[in-house]
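First the structure, in the form of structure tokens, and then the observations on it.
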Amino acid sequence: MSSFLLRQVKLTQPQFALMLQYQCRVEASTSSSASIVQHTPVVLDNTKPPPPLDADRMRMHPRIGNREIVGYGLKGKPEYFDLVMFPCPSIRWEADIPAIAELRKKEKGDWKQLSVEDKKKLYRASFRQTFEEFTAPSGVWKWTMGWTLISLAGLIMAYDAWRRVAYNIERPDSFSDEKLKKQLQYHIAARQGPMTGLSSKWDYETGTWKK
């Protein structure tokens, strides 16, 4: 429970947490007459105050880890993002591993001593993507168009199924083959369309269709 409370104090009130840690170390050092010595030659000096920790780093540590804060950022928060209008994020993309830390030292000197590969490693350690990469077309419109067509096809199929169920009624008697033949005979007998219509294709002398 005490460790949970200490973590909450560190996150909410970092300066107060530093004071508590320093006071505990002072009390521990004064209660013992000798310094604590490990089996190794390393001597732990408990009287030395802890190094000052940045409030932003203590507050944002679970999110940014050990990545270096290099600027103010867009809104004063240690956040990383690739944005054309604001190309300088407040933190680096990666934490400084020993190999990158060594390149950081060489970076402070003459850049002619850095190879092209070293410069690429330094860039990738600070930035996730280049301008060409994060401004390239993402192809989201293809995904959107594809799912739109799939959804439209599904809606059409659902409507067709609903129509077949909702309008499943018997066809009228006039749609039967016998009634259709009688309608055809009536149109021919009435000489409908004598120029270009149905009557023009019927031979009234032989009583058959014209060939």
Side-chain angles (χ1 to χ4, degrees), residues 4 7-8 11-12 56-95 97 100 117 119-204 206-211:
F4 175 75
R7 284 199 303 269
Q8 292 297 321
L11 292 175
T12 56
D56 279 341
R57 179 167 293 280
M58 290 191 64
R59 179 172 54 86
M60 302 293 291
H61 178 74
R63 290 179 56 187
I64 68 173
N66 295 324
R67 290 187 287 176
E68 183 181 359
I69 300 176
V70 294
Y72 181 78
L74 182 60
K75 298 180 180 179
K77 296 180 180 180
E79 298 174 339
Y80 182 90
F81 47 82
D82 291 317
L83 189 63
V84 176
M85 295 185 296
F86 197 85
C88 299
S90 59
I91 60 175
R92 299 191 189 277
W93 171 243
E94 295 179 356
I97 59 177
I100 297 299
E117 195 65 28
K119 295 176 182 178
K120 289 182 179 180
K121 290 180 180 179
L122 286 171
Y123 184 88
R124 292 296 181 179
S126 298
F127 301 97
R128 177 173 176 265
Q129 294 177 313
T130 63
F131 268 72
E132 290 293 332
E133 291 173 349
F134 70 79
T135 56
S138 60
V140 177
W141 69 271
K142 300 178 183 178
W143 181 89
T144 305
M145 183 65 69
W147 279 106
T148 301
L149 295 176
I150 291 174
S151 302
L152 185 59
L155 289 174
I156 293 174
M157 293 176 64
Y159 170 74
D160 183 67
W162 173 81
R163 183 182 60 83
R164 292 175 183 272
V165 174
Y167 295 97
N168 188 17
I169 57 178
E170 295 183 359
R171 300 176 69 180
D173 186 47
S174 59
F175 278 69
S176 63
D177 293 339
E178 183 180 356
K179 292 296 180 69
L180 290 175
K181 289 180 181 179
K182 289 184 179 181
Q183 291 179 21
L184 182 61
Q185 293 174 0
Y186 171 78
H187 292 312
I188 293 174
R191 295 181 180 271
Q192 294 183 359
M195 301 299 294
T196 58
L198 186 64
S199 298
S200 64
K201 300 177 182 179
W202 182 260
D203 190 349
Y204 286 91
T206 60
T208 58
W209 295 103
K210 293 180 180 180
K211 296 181 180 180

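Between Arg164 and Asp160 a salt bridge is recorded (basic side-chain N to carboxylate O distance below 4.0 Å).
What you find for Tyr80 and Ile91 is that their closest heavy atoms are CD1-O, 3.5 Å. Closest approach of Arg67 and Ala95 over heavy atoms only: CG-N, 3.6 Å. Contact between Ser199 and Pro194 at its shortest, heavy atoms only, is CB-CA, 3.9 Å.
Within a 6.0 Å radius of NZ in Lys182, other residues, nucleotides and ligands contribute 12 heavy atoms or fewer. In Trp209, the CH2 atom is crowded: over 12 heavy atoms of neighbouring residues, nucleotides or ligands sit closer than 6.0 Å. Annotation: Lys210, atom NZ; neighbour count of heavy atoms from other residues, nucleotides and ligands within 6.0 Å is above 12.
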Give the intermediate values and the outcome of side-chain contact (heavy atoms from CB on, under 4.5 Å) for residues Gln192 and Tyr186.
CA-CA 9 Å; Gln192 294 183 359; Tyr186 171 78; 4.1 Å; yes
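The CD1 atom of Ile100 sits 5.0 Å away from the CD1 atom of Ile97 when rounded to the nearest 0.5 Å. Taking CH2 of Trp202 as the start and CD of Gln185 as the end, the distance is 8.0 Å to the nearest 0.5 Å. Interatomic distance, CG of Asp203 versus NZ of Lys201, reported as 14.5 Å (0.5 Å rounding).
A search for ring pair (Phe, Tyr, Trp, His ring centres under 6.0 Å) contacts involving Phe81 returns nothing, not counting sequence neighbours.
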Using a 3.5 Å cut-off and no angle test, enumerate the donor-acceptor pairs between side-chain atoms of residues 121-141 and protein atoms at least two apart in sequence or in another chain.
from	atom 1	to	atom 2	distance (Å)
Tyr123	OH	Gln129	O	3.3
Arg124	NH1	Arg128	O	3.0
Arg124	NH1	Glu133	OE1	3.1
Arg124	NH2	Glu133	OE2	2.8
Ser126	OG	Arg92	NH1	2.8
Ser126	OG	Arg104	NH2	3.2
Ser126	OG	Leu122	O	3.4
Thr130	OG1	Glu133	N	3.3
Glu133	OE1	Thr130	N	3.1
Thr135	OG1	Phe131	O	2.3

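A heavy-atom distance below 4.5 Å is not found between the side chains of Trp93 and Asp82. Using a 4.5 Å cut-off on side-chain heavy atoms (C-beta onward), Ser174 and Gln183 make contact.
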